[in-house]
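Working notes, structure below.
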Amino acid sequence: MKAIELQAPGSIDNLRMVERPKPEPGRQEMIIKVKATALNYRDVEIARGSYHTAFALPLIPLSDGAGEVVAVGAEVTRFKVGDRVCGTFWQRWVGGSFAMAEPAYQRGGPIDGLLSEFARLDEQAAVPAPPHLSDIEAATLPCAAVTAWHALFTEGRLKPGETVLSLGTGGVSLFAVQFAAAAGARVIVTSSSDGKLARAKALGAHDGVNYRRDPDWATAVLTLTGGRGADHIIEVGGPQSFDQSLKAAARGAQINVIGYLGGSDGAINPLDIFRRQVRARGIPVGSRETFEAMNRALLVNGLRPVIDRVFPWMEAAEAFRHLEHGSPFGKVVLDHTQ
């Protein structure tokens, strides 16, 4: 089969098309024909060698994808040939707390991802693809969507009428907008683009703050909420924005630390956490149980992922560059049928 490997760290240019043996299913395993994959910023960092963990190479990238089951091994009971499935990011985190997740079994690093024609999945590390979504749409779910759902519902216990502040308009942030709006929350979005803010409002956001025009965006959030602040914050900027997130937080707010697009250097005053009694936590995607709960909500509410651009999968390097430099609105996807 054809696969794309990252053969050396330090550059997207180190992605190479190779031939690998087509995998065979073992006990309780299945083979899927990959139909689509989706990129996360983590994948870009792994390719350019700036991710916080170094993985053994060569490595097939990408944790997120959807495909069709084409073969099953002995004792497989959860799926059959012909089923459409999505793989999970954490291969052995079925449910329960994060203590159940095993770092050695993250797809796309350290174990091979889905940027190939076929992939082998443990039957416990997959979920049915939502029937109302295309393969392109379903491929976006395993990391970004599950992260947003895990933050707001599995951990956050979001309630109708609460305020959610979602930073930016990337994949996780836009899933958070859609999920929070569907749950009856008030949603505020930040962006450097008025055009993107308008598009976010069309997805269900109630208010937008342009942080380029208003660098003190926390004050703008407080003004919009009558001085109360946001109850749930989707924090993707890292230390550079965390200070502003604290200032925008309501008393007892939950700040979900997901990314560090603004860099990893900065200072945080712990007194600000104390004064507001804020709960700050890292969100490491989520379990299969969370994925399944999210998929039920997607189906009931008819929600569809926001796709920024679709590339043929053999143009993976160009898709990586687009995610890194193109400031996408939503998800960047690779079509494996092209």
Q.
Check for me whether the distance between the ring centres of Trp149 and Phe291 falls short of 6.0 Å.
A. no
Q. Any Lys/Arg nitrogen of Arg78 or Asp83 sitting under 4.0 Å from an Asp/Glu carboxylate oxygen of the other?
A. no
Q.
If I take atom CZ from residue Arg107 and atom OG1 from residue Thr88, how far apart are they, to the nearest 0.5 angstrom?
A. 7.5 Å
Q | Side chains of Leu334 and Leu62 in contact at under 4.5 Å (non-hydrogen atoms) | A | yes
Q.
Can you tell whether the side chains of Asp194 and Arg213 come within less than 4.0 Å, N to carboxylate O?
A. yes
Q. Under a 4.0 Å N-O cut-off, is there an ion pair linking Lys33 with Glu68?
A. no
Q | Pair Arg321 + Asp13: basic N to acidic O under 4.0 Å | A | yes
Q) Hey, are Asp216 and Thr219 close enough side-chain-wise for a donor-acceptor pair under 3.5 Å? A) yes
(Q) Can you give me the closest heavy-atom contact between His206 and Lys201, atom names plus distance? (A) O-CE, 4.3 Å
**Q.** From Thr190 atom OG1 to Gln244 atom CD, the distance as rounded to the nearest 0.5 Å
**A.** 10.0 Å
(Q) Any heavy-atom pair between the side chains of Phe79 and Val85 that's under 4.5 Å? (A) yes
Q.
Would you compute the distance between atom CD1 of Ile233 and atom CG of Asn256 and round it to the nearest 0.5 angstrom?
A. 9.0 Å
Q) Val278 and Ala250: which non-hydrogen atoms are nearest, and at how many Å? A) CG2-O, 4.2 Å
Q | Within-4.5 Å side-chain heavy-atom neighbours: Leu6 and Leu57 | A | yes
**Q.** Asp64 vs Thr140 side-chain heavy atoms within contact, under 4.5 Å
**A.** no
Q: Run the salt-bridge test on Arg84 and Asp135 with the 4.0 Å N-O cut-off and return the result as yes or no.
A: yes
Q) Do Ser63 and Gln106 have side-chain atoms, one donor and one acceptor, less than 3.5 Å apart? A) no
Q: Assess the pair Trp93 and Tyr105: is the distance between their ring centroids shorter than 6.0 Å?
A: no
Q: For the pair Glu318 (side chain) and Glu315 (backbone), establish whether a donor and an acceptor sit closer than 3.5 Å, ignoring hydrogens and angles.
A: no
Q) Judged by modelled atom types alone, do Glu292 and Asn295 share a side-chain donor-acceptor pair under 3.5 Å? A) no
Q: Please determine, by modelled atom types, if Thr154 and Thr290 share a side-chain donor-acceptor pair under 3.5 angstrom.
A: yes
Q. Under a 4.0 Å N-O cut-off, is there an ion pair linking Glu324 with Arg48?
A. yes
(Q) Check Glu19 with Lys2, please: is the shortest side-chain N to carboxylate O separation under 4.0 Å? (A) yes
Q.
What I want to find out is whether Glu5 reaches Arg20 closely enough, with some N-O distance under 4.0 Å, to be called a salt bridge.
A. yes
Q. Roughly how far apart are Asp231 CG and Arg228 CZ, rounded to 0.5 Å?
A. 4.0 Å
Q. If you take all heavy atoms of Ala151 and Ile234, which pair is closest and at what distance?
A. CB-CD1, 4.1 Å
Q. Are Glu117 and His336 close enough that a side-chain donor and a side-chain acceptor fall under 3.5 Å?
A. no
Q. Would you say the side chains of Lys196 and Ser327 form a donor-acceptor pair under 3.5 Å?
A. yes
Q | Straight-line distance of Leu59 CG to Asn14 CG, nearest 0.5 Å | A | 12.5 Å
